[in-house]
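This report concerns only the one structure given below.
This is a predicted model, so every value here is computed, not measured.
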Amino acid sequence: MQTEKTIQAVIFDMDGVLIDSEVIYLEDLLAFARTLNPQVQKSDILGTVGKTAKDTWEIMEAAIQSKKSWQELRQLYRGWSNVQDRVDYQEIFRPEAAAVLEELKRRGYRLAVASSTHRQLVLHVLFSNGVLDYFDTVVTGDMFVRSKPDPEIYHYTAGTLGVKEEQCFVLEDSTVGITAAHSAGMTVAALIDERFGFDRSLADLEVETVGDILNYL
């Protein structure tokens with residue numbers, strides 16, 4: 001399948017797309033959950049992948065089944081976990097991503113990141129991997145009341161880039177991300193990842209690597 005030549009911008013999710021981080025975060029959340037309820041299974045919290053902090057901790061609250069609110073659980077986790085300090089974000093950066101970004105810039109596309117993750121971490125990941133300057137804008141979940149699967153983050157990103165939604169090509173991996181980009185009227189490529197049970201049915205095409213998107217642009 002070839003996308004329309006009217007594509008002017010390429011938008012990337014971060015977690016699971018530019019970096020292979022989701023399995024690390026999921027295992028950390030599971031370990032924490034089991035300190036409060038040893039019966040929690042990974043399947044109980046799979047829905048946290050790709051979600052904002054609020055959505056993640058509401059799922060965790062339901063899985064742990066304690067008397068603590070999601071806000072209290074989140075605060076406990078912050079004191080318990082140092083996962084973001086332990087992760088080597090250069091080690092889990094997709095090895096082909098920098099070359100792909102350079103080629104897309106050479107072809108004249110406007111580039112953006114649209115991530116549900118908070119801004120400080122997104123900027124740290126992009127800067128530490130030497131790719132921050134490739135992006136015309138970086139949009140993060142903490143800028144919105146509702147993030148993915150709500151399409152607002154993608155509408156905003158298109159507006160910031162100065163392009164129409166139908167002129168955007170998005171690379172996503174998670175169900176919520178694919179849903180958000182599709183609902184915004186963008187062309188969606190789904191990066192195949194079978195570990196989390198993602199629903200890719202709303203994607204326009206599927207790719208096995210980040211580099212594969214060059215075949216469609």
Side-chain angles (χ1 to χ4, degrees), residues 12-89 91-94 114-118 121-122 125 140-142 144-151 153-154 170-183 188-210:
F12 293 84
D13 179 36
M14 186 180 78
D15 289 290
V17 174
L18 294 176
I19 55 173
D20 187 17
S21 55
E22 289 172 335
V23 67
I24 298 171
Y25 295 152
L26 184 65
E27 291 293 346
D28 199 63
L29 287 172
L30 180 61
F32 170 74
R34 286 177 172 172
T35 67
L36 299 173
N37 180 353
Q39 303 305 313
V40 177
Q41 300 298 310
K42 186 181 293 186
S43 58
D44 297 328
I45 63 170
L46 270 179
T48 62
V49 179
K51 296 290 182 66
T52 60
K54 180 178 183 294
D55 292 340
T56 290
W57 285 100
E58 287 179 344
I59 292 169
M60 291 287 285
E61 180 185 5
I64 293 170
Q65 296 181 349
S66 71
K67 294 182 179 179
K68 299 183 184 300
S69 67
W70 70 263
Q71 295 95 332
E72 291 172 317
L73 290 171
R74 184 186 182 191
Q75 192 61 36
L76 279 175
Y77 177 72
R78 285 173 168 172
W80 178 88
S81 176
N82 64 343
V83 64
Q84 292 177 354
D85 295 327
R86 288 187 285 108
V87 174
D88 183 340
Y89 287 105
E91 184 176 313
I92 63 172
F93 187 69
R94 302 286 187 189
S115 171
S116 294
T117 302
H118 63 86
L121 181 57
V122 174
V125 170
T140 55
D142 48 359
F144 306 94
V145 175
R146 300 180 304 277
S147 191
K148 304 170 186 178
D150 191 282
I153 189 170
Y154 279 116
V170 178
L171 182 59
E172 275 281 5
D173 65 319
S174 68
T175 304
V176 293
I178 292 167
T179 301
H182 172 80
S183 297
V188 188
L191 184 62
I192 298 170
D193 191 333
E194 302 292 2
R195 294 172 293 179
F196 308 110
F198 292 144
D199 181 357
R200 300 188 295 272
S201 61
L202 292 178
D204 297 285
L205 56 109
E206 298 182 359
V207 295
E208 294 186 357
T209 71
V210 174

State, to 0.1 Å, how close [X] and [Y] come at their nearest heavy-atom pair, and which atoms those are.
X    : Y    : value
T48  : T56  : O-OG1, 3.5 Å
G16  : D173 : CA-OD2, 3.4 Å
R195 : V23  : NH1-CG1, 3.7 Å
A203 : I178 : N-CG2, 3.8 Å
D44  : A63  : CB-CB, 4.0 Å
F93  : L18  : CD1-O, 3.4 Å

Quick one, [X] and [Y] - any side-chain contact, counting heavy atoms below 4.5 Å?
X    : Y    : value
F196 : T175 : no
T35  : L76  : no
V170 : Y154 : yes
D55  : V176 : no
L171 : V207 : yes
Q41  : R34  : yes

How long is the span from the [atom1] atom in [X] to the [atom2] atom in [Y], to the nearest 0.5 Å?
X    : Y    : atom1 : atom2 : value
D20  : E91  : CG    : CD    : 10.5 Å
E61  : I59  : CD    : CD1   : 11.0 Å
E58  : Q71  : CD    : CD    : 8.0 Å
E22  : I92  : CD    : CD1   : 10.0 Å
S116 : K54  : OG    : NZ    : 13.5 Å
D13  : L191 : CG    : CG    : 9.5 Å

- Is the side chain of Q84 donor-acceptor paired with the backbone N or O of N82 at a distance under 3.5 Å, no angle test?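 No.
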
- Message: By the ring pair (Phe, Tyr, Trp, His ring centres under 6.0 Å) test, which pairs, at least two apart or in different chains, include something from residues 19-44?
- Response: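 Sorted pair list: F32-W57, F32-Y77, F32-W80.
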
- Query: When you look at I45 and L30, which way does the side chain to side chain contact (heavy atoms under 4.5 Å, CB included) test go after all the steps?
  - Reply: CA-CA 7 Å; I45 63 170; L30 180 61; 3.9 Å; yes

- Task: Return yes if a side-chain donor-acceptor contact under 3.5 Å exists between D15 and S21, otherwise no.
- Result: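 Side-chain D/A pair, D15 to S21: present.
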
- Qualifying residue, where the test is side chain to side chain contact (heavy atoms under 4.5 Å, CB included) with I19 and the options are V125, V87, I24: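 Testing each of V125, V87, I24 against I19, the sole residue satisfying side chain to side chain contact (heavy atoms under 4.5 Å, CB included) is V125.
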
- Could you tell me whether E172 and K148 make a salt bridge, using a distance below 4.0 angstrom between a side-chain N and a carboxylate O?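 A salt bridge is present here (some side-chain N lies under 4.0 Å from a carboxylate O).
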
- Task: May I ask you to say whether E194 pairs ionically with R200, meaning some side-chain N is under 4.0 Å from a carboxylate O?
- Result: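 Answer for the salt bridge query: yes.
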
- Looking at residues at least two apart in the chain, or sitting in another chain, which of them share a side chain to side chain donor-acceptor pair (under 3.5 Å) with S115?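 Partners of S115 under the side chain to side chain donor-acceptor pair (under 3.5 Å) test: T117.
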
